Colleague: 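Structure provided below as structure tokens; questions to follow.
Because the structure is predicted, anything quoted here is derived from the model rather than measured.
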Amino acid sequence: MCAGRFQDCIEVCSSLLDIIPTLAGSGLAATILRRRAQAASARRLHDEALTDLNLAAEIEPGDAATFLARAQVSGTAALSGVSQISHAK
């Protein structure tokens with residue numbers, strides 16, 4: 001992933017997805033979607049990350065890395081929600 005430069009990573013991945021047809025380059029597209037999702041999650045854009053991971057899972061249904069990333073993002077999103085609630089006193 002693009003360590004520390006998450007917005008740059010999101011933009012590069014988006015540009016690549018414009019070039020690579022999602023279904024034609026299925027394995028590559030799923031990997032790019034996963035990378036973009038990881039960068040989005042690091043920026044706390046969990047809904048966008050989950051959208052990308054769900055699409056990646058549709059493209060490559062048996063990809064364990066995508067399912068692991070989706071579980072991690074879901075857990076992070078849940079913890080963020082709990083954290084926001086507990087601080088909203």
Side-chain angles (χ1 to χ4, degrees):
M1 191 164 52
C2 311
R5 298 176 53 189
F6 301 117
Q7 186 58 41
D8 290 343
C9 186
I10 291 169
E11 291 170 11
V12 168
C13 289
S14 295
S15 295
L16 288 171
L17 289 168
D18 288 341
I19 297 168
I20 299 166
T22 305
L23 295 176
S26 60
L28 182 57
T31 298
I32 294 168
L33 284 163
R34 191 172 60 250
R35 296 289 186 229
R36 185 170 73 176
Q38 290 168 326
S41 180
R43 295 201 65 226
R44 297 186 177 157
L45 303 171
H46 303 300
D47 289 338
E48 290 88 344
L50 288 172
T51 298
D52 280 351
L53 291 168
N54 288 334
L55 181 56
E58 287 178 28
I59 294 169
E60 291 256 348
D63 184 39
T66 297
F67 286 99
L68 176 61
R70 190 163 58 178
Q72 290 170 335
V73 169
S74 294
T76 301
L79 289 174
S80 295
V82 169
S83 175
Q84 290 171 359
I85 291 169
S86 66
H87 287 78
K89 294 180 182 178

Colleague: Rounded to the nearest 0.5 Å, what separates atom CD1 in I19 from atom CG in L28?
Modeller: 10.5 Å
Colleague: Side-chain contact test, heavy atoms from C-beta onward, threshold under 4.5 Å: evaluate it for E48 versus I10 and give yes or no.
Modeller: no
Colleague: Who pairs with E58 by side chain to side chain donor-acceptor pair (under 3.5 Å), at least two apart in sequence or on another chain?
Modeller: none
Colleague: Which value, rounded to the nearest 0.5 Å, describes the distance between L16 atom CG and R36 atom CZ?
Modeller: 10.0 Å
Colleague: Backbone N or O of A37 within a donor-acceptor pair of the S41 side chain at under 3.5 Å?
Modeller: no
Colleague: Scan N54, L53, L17, T66 and name whichever one has a side chain to side chain contact (heavy atoms under 4.5 Å, CB included) with L33.
Modeller: L17
Colleague: Is L50 reachable from L68 through a run of I, L, V, M, F, W or Y residues, each pair having side-chain heavy atoms under 4.5 Å apart?
Modeller: no
Colleague: What's the shortest heavy-atom distance between A30 and A56, and which atoms?
Modeller: O-CB, 3.8 Å
Colleague: Taking all atoms of both residues into account, what is the closest heavy-atom pair of I32 and C13, and its distance?
Modeller: CG2-O, 3.5 Å
Colleague: Go through the steps to decide whether R34 and D52 satisfy the test side-chain contact (heavy atoms from CB on, under 4.5 Å), and finish with yes or no.
Modeller: CA-CA 7 Å; R34 191 172 60 250; D52 280 351; over 6 Å; no
